[in-house]
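Counting starts at 1 for both ligands and their atoms, in listed order.
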Amino acid sequence: MKRVIMIDPGHGAETAGKRSPDDTLREYEFNRNVARRLVKKLQTSGFDARLTVNDDTDMPLIQRTNQARDLKRQGYDVLLVSIHANAAGNGGWSTANGIETYTNDQAEKLAQIIQRRLVADTSLRDRGVKRADLHITRETAKYGIPGVLCELGFMTNRDECMLLKTDAYREKCATAIAKAICEHYGVPFKTSTENPQPEQKPVDKVSIEINGKRLSVQGYLRDGVSWLPVRAVAEAVGGKVEWCATTKQVKVNGKDVTEIIENGTSYAPARELAAILGLAVEWDQATKTVKLKKGCV
Ligand SMILES: [Zn+2]
């Protein structure tokens, strides 16, 4: 049977509210950028991949799923994957973070592969594969079409918002989803010269000083954000660190922090961690040191 993979970039330029609190990121722009990369990658690997929307308009949801339905009625094996960025809170910045994938019954296996690859490649928090009464997953299910909706990080989280604006992150997400689709259908993932793999940026280590004393452990710089080892920093100033096994989320002094786990160690953005611990942050460019101080900020 002939297969068509429909990639749906959520929302449009005029969709109200779908933006970061500081208005530096519009969701439709991120969604379209990732969706276009994903379509190209799938085409390079030999799939008939198509966008549901080619311009910046907010096509009504019913038209998006009807396209998939019509292709199915024409005898195609259809998959619909919708691309989104997440939001939480009431208009301001929020600490909610991580990646989640919504699925219908028909796409459960694929959704698991997509979620696993996204989390492995981005190192963001795994919020899991979920079910919800969303138009994309519900309407596709009516026609027996596998439907998936990916939420690729929170534009309402300061650090994830910075990440969502980078080409490197967009490329990472598109590659992870393309590889997952290839894996699911047993098709080798191919790259072309116009479709290069993202370059792995070297990781810059940063030193940490607390009240003038240097810690033995280091943090690192990624996309302009300093990430510090949560436990070492918190405990150096008497902070309380807890880890919740059910949510797999670390808490400092009872508050959730944005975290990335590298080699079994939780790292959090310096600014966020310092705020929770009541510390002032200074960055010394010459020595690549994050200086944390007790006292007024
Ligand atoms: Zn959305």
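The atom name of the N/O/S atom in His84 closest to the Zn ion (ligand 1) is ND1. Taking the N/O/S atoms of His11 in turn, the shortest distance to the Zn ion (ligand 1) belongs to NE2. Within Glu27, the N, O or S atom at minimum distance from the Zn ion (ligand 1) carries the name OE2.
In this structure a side-chain-to-backbone donor-acceptor pair under 3.5 Å is missing from Arg19 to Met155.
Sorted by first and then second residue, the salt bridge (Lys or Arg N to Asp or Glu O under 4.0 Å) pairs involving residues 86-96 (not counting sequence neighbours) form an empty list.
Annotation: Asn90, atom CG; neighbour count of heavy atoms from other residues, nucleotides and ligands within 6.0 Å does not exceed 12.
Residues Glu171 and Lys41 are paired through a salt bridge, judged by an N-O separation under 4.0 Å between the basic side chain and the carboxylate.
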